[in-house]
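Report on the structure given below.
Per chain, numbering begins at 1; letters A, B, ... match sequence-line order.
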Protein chains: 2
Amino acid sequence: MITMTEIARLTGVSQPTVSRVLNGNTAVNPEIRERVLACAREHDFQPNVMAQSLVGSKTRLIGVIVTDISNSFFAELVKHIGEEARKDGYSLILFSSDYDLEKEKECLDVVKRYRVDGLIMVPVDENGAEWRGMVSRLDIPTVVITRHATGIDSFYVAHDEAGAQVARHLHEQGYEEYIFFGNTTDDKYLGFIDGMANECREFRKHLTIISSKDSQVIEAALKEHFAKTTGKTGIFAYNDRRAVQMMGILQKMKIRVPEQVGIVGFDNIYLCEVLYPSLSSIAQPNETMASLAVQRLLYRMDHPNDQKREDHPLHAELICRQSSDLKGGILSK
Amino acid sequence: MITMTEIARLTGVSQPTVSRVLNGNTAVNPEIRERVLACAREHDFQPNVMAQSLVGSKTRLIGVIVTDISNSFFAELVKHIGEEARKDGYSLILFSSDYDLEKEKECLDVVKRYRVDGLIMVPVDENGAEWRGMVSRLDIPTVVITRHATGIDSFYVAHDEAGAQVARHLHEQGYEEYIFFGNTTDDKYLGFIDGMANECREFRKHLTIISSKDSQVIEAALKEHFAKTTGKTGIFAYNDRRAVQMMGILQKMKIRVPEQVGIVGFDNIYLCEVLYPSLSSIAQPNETMASLAVQRLLYRMDHPNDQKREDHPLHAELICRQSSDLKGGILSK
DNA sequence: TTGTACGCGTTATCAC
DNA sequence: GTGATAACGCGTACAA
């Protein structure tokens with residue numbers, strides 16, 4: 001791999017001259033200039049970023065730590081982060097913490113060793129004291145994405161708001177009984193509850209929670225539910241994967257969607273629209289979130305003394321498709 | 001960010017001594033040792049990889065270029081590559097070429113600038129002369145994954161073989177008419193054809209190809225197909241996404257799966273098993289492919305003079321689920 | 001306009 | 001055992 005010094009030797013000039021030519025800062029003798037450029041092209045010279053960063057203390061590297069890169073939601077996020085970073089000449093050094101605090105810690109160490117210019121991460125536990133300590137000691141501009149971390153720049157979707165949106169939507173469509181399907185630890189559940197409280201009094205009486213991932217258990221729970229009630233039921237699934245599972249079980253049980261049961265998922269994965277019935281879902285503004293995060297990071301890198309931190313909740317969008325369209329606005333199309 | 005020199009100053013020893021302590025190679029006075037370690041811990045010292053790599057010409061970086069990181073197949077691949085690399089202390093610098101030759105070229109330049117120790121890539125066009133030229137000039141150990149590139153270490157699934165497997169399976173299950181749904185440019189199509197030729201003579205008469213992605217067009221094509229034939233039809237979809245789309249259209253048309261139509265997808269995404277009916281699919285040995293690729297790369301990095309190149313086709317597995325299980329072996333479970 | 005000298009943070013090779 | 005010293009590839013102040 002050729003170096004500036006080597007090019008200097010080959011062209012009979014000094015190394016700094018080569019540097020000047022290649023960086024085009026200062027004026028140089030056109031003749032020398034051409035000679036150097038020709039030589040560089042011939043040997044396909046690329047500057048050694050490691051060396052550049054040693055002297056300039058800029059690595060042009062952005063560390064990215066996500067909890068699970070194989071989750072297509074994060075994969076898409078990473079893609080957009082990469083695109084946005086690339087525009088400004090930054091590259092990504094990527095880690096997947098796999099929801100493991102130990103691994104996450106390791107990632108932070110490695111990120112530090114590489115002296116990345118900035119860090120974008122999805123923390124395993126944004127409230128963990130240890131993590132907060134590590135990040136602040138890291139002394140690298142950091143932006144949290146997908147989660148809300150107090151005192152750290154954060155770009156995330158307000159899950160509670162999205163959940164409330166689903167509640168309103170299901171109620172508006174005319175569903176009278178409700179099922180929440182998934183983890184109740186997420187804010188989307190809390191928001192769903194709040195939203196329901198606004199829509200109908202005594203909603204608790206009409207709310208069932210199913211948390212199991214086991215199809216048989218779920219089927220049993222549904223049977224029990226439909227034994228007790230005759231009303232049209234709206235289901236809010238924790239994510240699209242679960243929504244698809246639920247749709248499958250409903251089909252197997254010969255329950256009609258959306259006539260008897262309406263269902264809304266979360267994440268708006270690309271399969272939503274090709275499913276039958278197509279699946280209503282909450283779409284997160286993936287790309288916006290990514291580009292805002294990168295831009296914020298770039299700003300922070302340029303203004304290390306700015307102590308302000310941005311707390312930036314974004315709004316999700318409910319994409320209404322056939323699966324929850326009881327009133328037929330879409331099915332009639 | 002603290003440096004060795006700084007620690008040396010603080011502890012009153014020379015910088016090389018600090019280096020010795022931190023790397024634990026040579027013996028050092030236990031007393032000094034403790035003092036240095038304490039100081040390093042206190043300031044959360046991490047060695048500057050940039051500097052290390054300058055002198056050692058080892059970046060501990062593996063470049064990864066995929067065509068589309070948002071594709072969950074590649075995302076999973078990247079995850080496994082990362083895990084495997086991590087075991088040996090390597091980190092990933094990740095790029096997505098977005099099937100764009102220009103971008104790919106750029107990625108290769110950047111990868112070179114970072115002096116990565118090795119490169120794992122999914123080329124946009126593994127037969128392109130320009131790409132081959134770039135990679136060979138790159139002078140960095142390179143492994144191609146997912147594709148077959150002559151003269152370059154390659155780890156990939158034999159798509160033709162997988163296609164043939166599907167043909168055999170559909171025939172065995174008793175389907176008599178066949179539809180290939182998707183791009184006919186892929187080897188999986190060729191293999192499917194070959195496999196069919198083995199199973200039944202005059203298969204051409206019984207094969208329909210649907211390439212459109214438009215649901216309406218597809219539905220029309222299916223209607224035409226079922227107007228002409230009464231036989232049970234086996235469909236091989238280009239990938240799971242298309243398979244899901246096809247299943248939706250079939251459901252809408254009230255065509256029963258697998259009784260009237262059997263369907264097999266490709267990629268075995270996680271949704272396959274929660275769909276109803278659950279979707280048969282070709283599973284690629286994702287993890288194996290990733291770890292073989294990384295191991296091969298590590299070997300190449302250790303043996304730069306070994307000119308041998310490995311051409312390593314892997315075998316896909318057909319996961320038979322309800323959607324193509326006409327004989328009821330699974331449904332009866 | 002061009003070359004010399006130096007420093008970035010580390011490892012490695014020497015003497016001491 | 002430990003401390004100078006050189007070297008990696010580059011950018012930059014300074015001198016010529």
Provide a list of protein-nucleic acid N or O atom pairs under 3.5 angstrom, restricted to nucleotides 14-16 of chain C.
none

Nucleotide N/O to protein N/O under 3.5 Å, stretch nucleotides 6-10 of chain D:
unit_1 : atom_1 : unit_2 : atom_2 : d
D:dC8  : O2     : B:V55  : N      : 3.2
D:dG9  : N2     : A:A51  : O      : 3.4
D:dC10 : OP1    : A:N48  : N      : 3.2
D:dC10 : OP2    : A:M4   : N      : 2.5

Nucleotide C:dT10, atom P - distance to CZ of A:R113 in whole Å: 12 Å
Sugar-phosphate only, base, or nothing, as touched by B:V49 at under 4.0 Å among non-hydrogen atoms: nothing
Residues B:K87 and B:E84 bridged, charged N to O under 4.0 Å: yes
Note: B:D153-B:R300 ion pair, threshold 4.0 Å (strictly below): yes
Proximity to DNA chain C (any heavy atom under 4.0 Å), residues of residues 27-36 of chain B only: none
Residues A:R86, A:E83: salt bridge by 4.0 Å N-O rule: no
Pairs satisfying side chain to side chain donor-acceptor pair (under 3.5 Å), at least one member in residues 41-54 of chain B, at least two apart: A:D109-B:Q46, A:K112-B:D44, A:R113-B:Q46
Heavy-atom pair with the smallest gap, counting every atom of B:A40 and B:L22: CB-CD1, 4.2 Å
Full working for side chain to side chain contact (heavy atoms under 4.5 Å, CB included) between B:R309 and B:Q307: CA-CA 6 Å; B:R309 292 296 176 264; B:Q307 295 301 320; 4.3 Å; yes
B:T11 (side chain) donor-acceptor with B:R35 (main chain) under 3.5 angstrom: no
Electrostatic pair B:R9:B:E6 at N-O distance under 4.0 angstrom: yes
Steps toward side chain to side chain contact (heavy atoms under 4.5 Å, CB included) verdict (B:K105, B:E130): CA-CA 9 Å; B:K105 199 170 159 183; B:E130 206 186 359; 3.6 Å; yes
Nearest-Å distance for atom pair CD1/C1', residues A:I7 and C:dT2: 17 Å
Angle between terminal axes - the helix from C:dT1-D:dA16 to C:dC16-D:dG1, 5 pairs each end, rounded to 10°: 50°
Stepwise side chain to side chain contact (heavy atoms under 4.5 Å, CB included) test for B:F45 and B:M1: CA-CA 8 Å; B:F45 172 81; B:M1 203 133 330; over 6 Å; no
B:T17 vs D:dG3: side-chain N/O to OP1/OP2 distance below 4.0 Å: yes
Ignoring hydrogens and angles, write down the donor-acceptor pairs under 3.5 Å from the side chains of residues 138-147 of chain A, residues two or more places apart or on other chains.
unit_1 : atom_1 : unit_2 : atom_2 : d
A:T142 : OG1    : A:I140 : O      : 2.8
A:R147 : NH1    : A:P123 : O      : 2.8
A:R147 : NH1    : A:V124 : O      : 3.4
A:R147 : NH1    : A:E126 : OE1    : 3.0

No-hydrogen, no-angle side-chain donor-acceptor test under 3.5 Å, B:S154 and B:D311: no
salt_bridge(B:R60, B:D117) N-O dist < 4.0 Å: no
